[in-house]
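Okay, structure first, notes after.
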Amino acid sequence: MPRKSLAHLECSVANTAQVMGDTWTVLILRDAFQGVRRFDHFVERLGIARNTLADRLERMVADGLLRTEVYQEHPPRHEYRLTDKGRDLFDVLMTLWSFGEKWNPPSITDYQKAIHLECGNKADAVAHCGHCGGRLTRRNVVIEPPVDPSLTVTMLESTV
């Protein structure tokens with residue numbers, strides 16, 4: 001089934017949501033960041049139907065998130081490796097991970113956790129400005145131009 005284009009929205013969030021696709025795409029990315037590269041390993045770890053996985057991997061390659069690399073000639077078999085574009089989604093994935101740790105942690109106690117190697121603690125992703133390094137919050141970010149010029153507000157004001 002073809003995906004509906006969100007291009008008419010002219011929005012970076014919509015464009016990224018289009019690339020991220022669905023739950024399976026996010027989980028494939030999670031596993032790719034953990035070193036999973038082969039089709040059968042994705043199937044085994046995710047419990048995903050083979051046709052669904054094949055579709056998602058094809059889309060992710062077409063969207064430039066993954067590239068294929070032949071590891072066996074007969075029969076031909078490929079590994080799926082993150083591209084620079086795919087690796088740039090690391091911050092997005094870590095933000096989802098941090099959100100999940102806070103609001104939707106697994107019910108079991110021995111689940112995978114993201115550990116920051118420099119301090120040894122569970123990672124807590126936060127957004128920072130790429131120019132000055134300051135932390136981005138709802139209180140200090142405004143989206144320009146606004147959807148409606150009469151609605152120039154910070155992200156916090158829009159959620160109150």
Side-chain angles (χ1 to χ4, degrees), residues 1-137 141 143 155:
M1 171 189 247
R3 293 184 287 178
K4 180 181 177 182
S5 173
L6 301 176
H8 68 284
L9 296 175
E10 295 294 338
C11 169
S12 297
V13 173
N15 294 343
T16 303
Q18 183 82 37
V19 170
M20 295 294 286
D22 62 8
T23 305
W24 288 123
T25 302
V26 174
L27 294 175
I28 291 165
L29 280 170
R30 177 203 65 186
D31 284 4
F33 274 108
Q34 294 181 60
V36 178
R37 293 188 174 125
R38 296 188 178 177
F39 189 92
D40 288 337
H41 295 160
F42 283 113
V43 169
E44 182 181 305
R45 283 184 48 98
L46 296 172
I48 185 174
R50 296 176 78 80
N51 63 324
T52 302
L53 177 60
D55 176 68
R56 295 318 183 279
L57 290 171
E58 183 179 315
R59 286 183 190 179
M60 293 171 77
V61 168
D63 286 337
L65 302 178
L66 298 173
R67 65 178 171 78
T68 59
E69 188 171 294
V70 175
Y71 71 88
Q72 178 180 310
E73 293 290 335
H74 301 288
R77 295 189 186 271
H78 298 88
E79 288 187 335
Y80 296 88
R81 296 185 178 246
L82 289 162
T83 62
D84 288 341
K85 183 177 180 181
R87 283 189 295 274
D88 275 352
L89 286 168
F90 179 77
D91 292 349
V92 174
L93 194 64
M94 286 308 305
T95 300
L96 289 171
W97 202 306
S98 292
F99 180 87
E101 285 286 310
K102 180 174 182 178
W103 297 103
N104 302 304
S107 58
I108 60 173
T109 56
D110 189 26
Y111 61 92
Q112 285 189 314
K113 298 168 185 71
I115 305 298
H116 183 226
L117 292 176
E118 291 182 23
C119 71
N121 291 301
K122 269 194 320 185
D124 182 24
V126 293
H128 289 87
C129 176
H131 295 281
C132 71
R135 183 171 180 185
L136 302 177
T137 69
V141 172
I143 305 300
M155 298 292 275

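Residue numbers start at 1 and run along the sequence shown. Worth saying up front: this structure is predicted, and the values here are computed from it rather than measured. The analysis underlying the following values was restricted to heavy atoms, covering all of them including side chains, and did not include hydrogens, waters or symmetry mates.
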request  = List in chain and number order the residues that pass side-chain contact (heavy atoms from CB on, under 4.5 Å) with Gln34, two or more places apart in sequence or in another chain; answer none if no residue qualifies.
outcome  = Arg30, Asp31, Arg45, Trp97, Gln112
inquiry  = I'd like to check the side-chain contact (heavy atoms from CB on, under 4.5 Å) partners of Val13; sequence neighbours left out, ordered by chain and number.
reply    = Cys11
ask   = What distance separates Thr23 OG1 from Ile28 CD1, expressed to the nearest 0.5 Å?
value = 10.5 Å
query = Under 3.5 Å, is there a donor-acceptor pair between the side chain of Thr25 and the main chain of Met20?
reply = yes
task = Find the distance between NE2 (His78) and CD (Gln72) and round it off to the nearest 0.5 Å.
result = 10.5 Å
inquiry  = Salt bridge check, Arg56 against Asp22: does any charged N sit closer than 4.0 Å to a carboxylate O?
reply    = yes
key: Set of residues satisfying side-chain hydrogen bond (donor to acceptor under 3.5 Å, both in side chains) with respect to Asp84, sequence neighbours excluded   = Arg87
query = Can you tell me how far the CG atom of Leu57 sits from the OG1 atom of Thr52, to the nearest 0.5 Å?
reply = 10.5 Å
key: Pairs flagged by ring pair (Phe, Tyr, Trp, His ring centres under 6.0 Å) wherever residues 16-48 is involved - sequence neighbours left out   = Phe33-Phe90
Set of side-chain contact (heavy atoms from CB on, under 4.5 Å) partners for Pro105, sequence neighbours left out = Tyr111
inquiry  = If I take atom CG from residue Leu9 and atom CG from residue Asn15, how far apart are they, to the nearest 0.5 angstrom?
reply    = 8.0 Å
ask   = Under the side chain to side chain donor-acceptor pair (under 3.5 Å) rule, what pairs show up with a residue in residues 117-131, not counting sequence neighbours?
value = Glu101-Lys122
request  = Would you check if the side chain of Glu58 reaches a backbone N or O of Val61 as a donor-acceptor pair within less than 3.5 Å?
outcome  = no
message = Between Leu66 and Thr68, does the side chain to side chain contact (heavy atoms under 4.5 Å, CB included) criterion hold? Intermediate values first, please.
response = CA-CA 7 Å; Leu66 298 173; Thr68 59; over 6 Å; no
inquiry  = Return the CZ to NZ distance between Arg67 and Lys85, rounded to the nearest 0.5 Å.
reply    = 15.5 Å
